[in-house]
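Notes for the one structure printed next.
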There are 2 protein chains.
Amino acid sequence: MDVTISNPLVDRLNHYVELTTAERVVLAGLQAERRKMKAGEQVVVETRASDEMFVLQSGWLYASTVLEGGARQILRIHHPGNIVNVSCLAWSRVAATITSATAAVVSPFHRKALSDIFAHHPRLAALLFGVATMENVALCDRLKSLGRTDGRARIATLLLELLSRRDLTEGQAGADVLDLFLSQSEIADAVGLTKVHVNRLLREMTDTGLIQREGRHVNIPDKAALVAISGFVNRHADLATDWYPTQT
Amino acid sequence: MDVTISNPLVDRLNHYVELTTAERVVLAGLQAERRKMKAGEQVVVETRASDEMFVLQSGWLYASTVLEGGARQILRIHHPGNIVNVSCLAWSRVAATITSATAAVVSPFHRKALSDIFAHHPRLAALLFGVATMENVALCDRLKSLGRTDGRARIATLLLELLSRRDLTEGQAGADVLDLFLSQSEIADAVGLTKVHVNRLLREMTDTGLIQREGRHVNIPDKAALVAISGFVNRHADLATDWYPTQT
DNA sequence: CGTTCCTTTGAAACCAATCAATAATGGTGG
DNA sequence: CCACCATTATTGATTGGTTTCAAAGGAACG
């Protein structure tokens with residue numbers, strides 16, 4: 001097996017399926033270019049024309065939309081190995097602004113590159129479909145969180161979601177310390193609360209010992225307690241692969 | 001062109017791409033079986049094992065999850081031509097209960113049927129990916145609605161979303177009368193409010209002339225007014241198809 | 001023709017938003 | 001290295017949208 005081609009995207013996909021060398025080569029082809037971003041820069045901007053997608057190599061990005069009144073909703077938070085601006089497969093205009101939460105490196109590629117994958121690497125296409133489906137369900141979980149739970153549970157869900165996604169790409173699985181690269185204002189925009197209320201809830205969770213904070217570091221001494229108040233289920237651990245076509 | 005094969009799914013996909021006869025045949029193969037359901041029946045139930053997907057032929061379905069406290073969140077509302085329980089492509093357990101809101105007809109098929117599509121009909125696979133992406137963005141719109149708008153706007157968004165999806169499959173585009181096959185309690189579970197509050201808001205919208213109601217029929221005299229308070233954008237009208245591989 | 005579900009309405013309690021202001025933090029340049 | 005600035009975090013008082021609790025009227029169904 002070819003271990004020379006290794007990067008966050010390959011590692012993540014290889015976690016679900018043993019990738020062939022040919023598949024690794026194709027994935028590497030998507031990541032030929034590299035673009036460095038400082039924290040707070042915008043990768044793509046809502047409503048602007050774009051037919052490019054990006055592989056996130058390092059750092060955190062988030063997708064957001066702004067309402068007329070100026071309020072913002074953060075839709076997703078992206079970790080290394082994620083493909084972002086996938087909505088360009090449906091429209092030639094950007095559906096959500098993508099911003100870097102930290103310094104980051106992205107690899108842009110044209111959506112037509114996927115044409116080749118669908119035509120010649122059906123198993124890889126199926127895998128990408130599977131991953132997209134997984135993120136879809138994760139989105140449904142967030143919908144449940146925003147629609148039917150209170151502030152405490154929403155924040156708990158966010159923390160656990162970030163923890164489980166971090167564990168996918170960085171090998172620190174099990175270590176219940178999270179580097180939270182989001183300001184309280186950004187957390188608020190992610191969970192649908194105000195930054196003031198997020199601050200109060202974080203304070204409360206800190207005071208009651210649910211979490212411990214030191215700057216960016218959030219320590220979660222009792223993950224089960226957070227799961228109890230949020231009903232969180234980890235959607236990213238496994239993936240059904242038995243329906244995939246055989247590799248070419 | 002083969003007009004003998006026509007059904008909601010084919011019609012919907014053909015709206016975006018001129019399907020070949022071969023592609024129509026494959027899609028017809030997914031819909032060989034037919035299962036009739038009464039209103040209120042469950043197609044699949046959360047956490048149970050399942051590796052089947054369904055093409056919705058007629059009627060409305062909705063996907064929902066139940067929280068520990070008994071609260072329910074309706075995640076999506078499905079119209080004829082939709083493929084449901086797609087999450088079985090990621091796991092062998094059902095992610096969300098699917099219930100019929102009306103009498104309905106569904107065509108079950110095993111997820112392995114998609115294997116053949118990915119292997120031999122790459123353009124169709126790409127189209128399915130495009131549609132999935134579209135629904136993904138629609139989900140993000142709902143997230144924005146639940147996270148950052150008040151009850152009035154959420155209900156307006158729901159009505160406009162249902163109207164634009166209805167127009168996709170049923171040829172009544174433009175007619176601003178909606179058959180709303182959801183109880184106020186179900187609307188509440190969809191928009192993240194209580195049924196009592198939904199009732200008050202519907203009453204208010206009726207009293208101020210924003211909508212007119214007669215039983216199931218909801219008439220929307222001024223669609224622009226609803227768009228104004230909700231910021232709704234129709235995501236289903238068009239689809240980028242230029243990146244698809246050539247048909248086989 | 002009763003039962004059941006759905007809709008409607010009222011009053012009180014509550015979670016979260018808003019308004020307002022003060023620490024604390026982090027980065028920058030002199 | 002420290003003063004300075006901008007951003008972020010924190011806290012209080014007040015307001016308001018929504019929920020909860022409670023109950024009655026309508027519509028649908030067998």
Measure from [atom1] on [X] to [atom2] on [N] and round the result to the nearest Å.
X         : N       : atom1 : atom2 : value
Arg203(A) : dG12(D) : CZ    : C1'   : 15 Å
Leu182(A) : dT8(D)  : CG    : C1'   : 13 Å
Leu202(B) : dT7(C)  : CG    : C1'   : 10 Å
Ile229(A) : dC15(C) : CD1   : P     : 14 Å
Lys195(A) : dA21(C) : NZ    : P     : 15 Å
Ile187(B) : dT8(C)  : CD1   : P     : 10 Å
Leu180(A) : dT8(D)  : CG    : P     : 13 Å
Gln184(A) : dT7(D)  : CD    : C1'   : 12 Å

Inset, instruction - Give the nucleotide from the list dT7(C), dA9(D), dT9(C) with an atom nearest to the side chain of Ser183(A). - result: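 Closest nucleotide to the Ser183(A) side chain: dA9(D).
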
Legend entry - Closest listed nucleotide, where the reference is the side chain of Val196(A) and the choices are dG10(C), dT7(C), dT11(D):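 Of the candidates, dT11(D) comes closest.
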
Legend entry - Polar pair under 3.5 Å, donor/acceptor by atom type, side chain Arg200(B), base dG17(D):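 No such pair is found, so the answer is no.
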
Over all strands shown, is [X] touching base, sugar-phosphate only, or nothing at heavy-atom distances under 4.0 angstrom?
X         : value
Arg213(B) : sugar-phosphate
Gly192(B) : sugar-phosphate
Leu193(B) : sugar-phosphate

Inset, instruction - Indicate whether OP1 or OP2 belonging to dT10(D) is found under 4.0 Å from a side-chain N or O atom of Asn199(A). - result: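 Yes.
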
Legend entry - Heavy-atom side-chain contact between Arg154(B) and Leu201(B) under 4.5 Å: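 No, side chains not in contact.
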
Inset, instruction - May I ask you to test the Arg12(B)-Val131(B) pair for a side-chain heavy-atom distance under 4.5 Å? - result: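 Yes - at least one pair of side-chain heavy atoms lies under 4.5 Å apart.
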
Inset, instruction - Scan residues 147-162 of chain A against DNA chain C and write down, sorted by residue number, each residue with any heavy atom closer than 4.0 Å; if none is found, say none. - result: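 Under 4.0 Å from DNA chain C: Asp150(A), Gly151(A).
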
Legend entry - Residue of the set Arg213(A), Gln212(A), Glu214(A) for which side-chain hydrogen bond (donor to acceptor under 3.5 Å, both in side chains) holds with Asn219(A):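 Single side-chain hydrogen bond (donor to acceptor under 3.5 Å, both in side chains) partner of Asn219(A) among Arg213(A), Gln212(A), Glu214(A): Gln212(A).
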
Inset, instruction - For residues Glu33(B) and Ser107(B), report the shortest heavy-atom separation together with the two atoms involved. - result: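 Reported closest heavy-atom pair: O-OG, 2.8 Å.
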
Inset, instruction - Could you point out which residue of Leu146(A), Val66(A), Val191(A) forms a side-chain contact (heavy atoms from CB on, under 4.5 Å) with Gln73(A)? - result: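 When side-chain contact (heavy atoms from CB on, under 4.5 Å) is applied between Gln73(A) and each of Leu146(A), Val66(A), Val191(A), only Leu146(A) qualifies.
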
Inset, instruction - Would you sort out whether Glu204(B) and Arg152(B) count as a salt bridge (charged side-chain N to carboxylate O under 4.0 Å, His left out), showing the intermediate values? - result: CA-CA 9 Å; Glu204(B) 183 202 278; Arg152(B) 245 171 300 275; 2.6 Å; yes

Inset, instruction - May I ask you to check whether Trp60(B) and His78(B) place their ring centres under 6.0 Å from each other? - result: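 Centroid distance His78(B)-Trp60(B): not below 6.0 Å, so no.
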
